[in-house]
Each structure stands twice: as structure tokens, then as C-alpha cells.
Amino acid sequence: MDELKKRILKDGRVLSEHVLKVDSFLNHQIDADLMDRIGNAFFDHFHDYGITKVLTIEASGIAVAFSTARCFHVPVVFARKTPSLTSVDETYCAEVFSFTKKVQFSITVNRRFLAPEDRVLLVDDFLAQGQALLGLINIVHQSGAAVAGAGIAIEKAFQNGGRLVREVGIEVYSLARIASLIDGKVLFL
């Protein structure tokens, strides 16, 4: 998606060879119009996949997932990183390691929100090491639902996540694939 790539070049900040900060438009301060166009791009690609739910992980994936779900006219569900005090129902649970925060945590989704008849589109803002997506895939499989694919705004293609997710048979559609962040420059595939 050319618009997203231009925005990354204009407003993204390379903090290291592994870290790209896009918090001014994608995941802290959110450009709602850009989110709508990202959601439309995922809809254009996955519109005939029979999507019944869009699933992401809190918190930075929610805006992208919400815009995508609106295009499909389906619910968006997000996996929680912390248990809710009001959660009285059983949940699906998976362990995820965050390379950014250097911590392992459990993600959960209430069992009421995923069913065996669902075809789930996974959506997230970033794909780097793939642990969040693999955790979401685990949760979808626990529910008996099917993973229809994964829509990613920005994939760090120089890291292993995309390969790992594709190796388990999931189609990954990324709008901006980054080849390198070396010398403070963003290079796209």
C-alpha cells in the first residue's frame, strides 16, 4: 500500500536496526482516515474468504482490526493481555512472548466470541517475530474455528515472524514489507 509506505517514510522513526516507531499515526495517535483505507485494503484482498470475525490482540491492533471489521460488517474480537475482573466465563488462552517488552504473558478470548463455524481474519499493526499471531492462531484452533488469513499493516520481513506464520499454512497479506532498518533508513521489499 503506497500510502502507508509514504507515511512510514515521512513520519516513522527508526530507533534501531530492529525498531520502527510509528506511534504518530498507527498505534498511539491514530490517523482514522488511514485506518479506514487500511481496512479497505484488507477487505479488497480477503472479501471472498467468508470472514465472520476479525481477531486481534490488545491494544495496538484494535484500531486496524476495527476498521477492517467495519468493511466486512462483522464483529471485531480482541485477545486480552490481562484478565478482566468481570470475566466470569471460560476463556481460550495462549502464551505469547513479547520481544519488545521482554516478557511472556497469557492472552485470552472469551469462549462466547469464537465458535467452530467462524472463519477468522487475524489483523495486527506489526508482524516481527510472529509470537502474537501464533498465539492468536492457537486460540482460533482451540475454538474449532478456521483461520482464513492474516492482514498485517507493517511486516518486518527481515525477522522470522512472517516465515513462521506462513510455515503453519496461514496466508499473510502485509501492506508494507520492510527489508531493512539499517543505518536509520527504512528499505521496503
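Below, each value reflects all heavy atoms present in this structure, side chains not excepted, and no hydrogens, waters or symmetry copies.
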So CD1 of Ile8 and NZ of Lys6: to nearest 0.5 Å the spacing works out to 12.5 Å

Under 3.5 Å, is there a donor-acceptor pair between the side chain of His47 and the main chain of Asp44? yes

Worked verdict on Glu3 versus Leu34 for side chain to side chain contact (heavy atoms under 4.5 Å, CB included): CA-CA 8 Å; Glu3 178 184 5; Leu34 177 62; 3.7 Å; yes

Taking all non-hydrogen atoms of both residues into account, name the closest pair between Phe188 and Ala176 and its distance. CE2-CB, 4.1 Å

Tell me whether Val22 is reachable from Leu181 by hopping between hydrophobic residues (I, L, V, M, F, W, Y) whose side-chain heavy atoms are closer than 4.5 Å. yes

Could you state whether Leu189 and Leu9 fall into the same hydrophobic cluster, counting links through intermediate Ile, Leu, Val, Met, Phe, Trp or Tyr residues with side-chain heavy atoms under 4.5 angstrom apart? no

Looking at Glu58 and Phe78, would you say the former's side chain and the latter's main chain have a donor-acceptor pair under 3.5 Å? no

Can you check side chain to side chain contact (heavy atoms under 4.5 Å, CB included) on Ile51 and Val120, steps first, answer last? CA-CA 6 Å; Ile51 306 300; Val120 180; over 6 Å; no

Would you confirm whether Thr56, through its side chain, and Val123, through its main-chain N or O, come within 3.5 Å as a donor-acceptor pair? yes

Exercise: identify the closest heavy-atom pair between Ala63 and Ile30: CB-CD1, 3.5 Å

Evaluation steps, side chain to side chain contact (heavy atoms under 4.5 Å, CB included), between Ile154 and Leu4: CA-CA 9 Å; Ile154 301 170; Leu4 179 57; 4.2 Å; yes

Which atom of Leu134 lies closest to which atom of Val165, heavy atoms considered: CD2-CG2, 4.2 Å

ILVMFWY network linking Val168 to Ile152, side-chain heavy atoms under 4.5 angstrom: yes

Ile178 reachable from Leu164 in the ILVMFWY side-chain graph, under 4.5 Å edges: no

Establish, for the pair Lys53 and Phe113, whether the NZ or CZ atom is under 6.0 angstrom from the six-membered ring centre and no further than 45 degrees off its axis. no

How close do Thr68 and Gly39 get, heavy atom to heavy atom, and via which atoms? OG1-CA, 3.6 Å

Considering all heavy atoms, the nearest Ala128-Lys156 contact: CB-CD, 4.0 Å

Looking at Glu155 and Arg177, is there a salt bridge between them, counting it only when a charged N and a carboxylate O are closer than 4.0 Å? yes

Check the side chains of Asp11 and Ser24 for a donor-acceptor pair under 3.5 angstrom, ignoring hydrogens and angles. no

Modelled atom types, side-chain donor and acceptor of Asp125 and Ser60, under 3.5 Å: yes

Within a strict 4.5 Å, meaning less than it, do heavy atoms of the Gln104 and Gln131 side chains meet? no

How about Leu121 and Phe72: do any of their side-chain heavy atoms sit closer than 4.5 Å? yes

Using the side chain to side chain contact (heavy atoms under 4.5 Å, CB included) definition, which of the options Ile57, Ile62, Asn27 pairs with Asp124? Ile57

In this structure, would Val140 and Val54 fall into the same cluster of hydrophobic residues linked by side-chain contacts under 4.5 Å? no

Would you say Asp183's side chain and Lys185's backbone share a donor-acceptor pair under 3.5 angstrom? no

Pair Asp23 + Lys21: basic N to acidic O under 4.0 Å: yes

Are any side-chain N or O atoms of Ser180 and backbone N or O atoms of Ile182, one a donor and one an acceptor, separated by less than 3.5 Å? yes

Distance col, row Leu20:CG vs Leu15:CG, nearest 0.5 angstrom, shows 8.0 Å

Do other residues, nucleotides or ligands put more than 12 heavy atoms under 6.0 Å from the NE2 atom of His141? yes

Electrostatic pair Arg163:Glu167 at N-O distance under 4.0 angstrom: yes

Looking at every heavy atom in both Asn110 and Arg112, which two are closest together, and how far apart are they? OD1-N, 2.8 Å

Any chance CZ of Arg7 has more than 12 other-residue heavy atoms, nucleotides or ligands included, within less than 6.0 Å? yes

Side chain to side chain contact (heavy atoms under 4.5 Å, CB included), that's the test. Do Tyr92 and Leu136 meet it? Break it down for me. CA-CA 10 Å; Tyr92 301 114; Leu136 292 175; over 6 Å; no

I'd like to know if the side chain of Thr52 and the backbone of Arg119 have a donor-acceptor N/O pair within less than 3.5 Å. yes

Sidechain-backbone polar pair: Asp31 side chain, Asp33 backbone, donor-acceptor under 3.5 Å: yes

Side-chain donor-acceptor pair present, Gln129, His18, cut-off under 3.5 Å: no

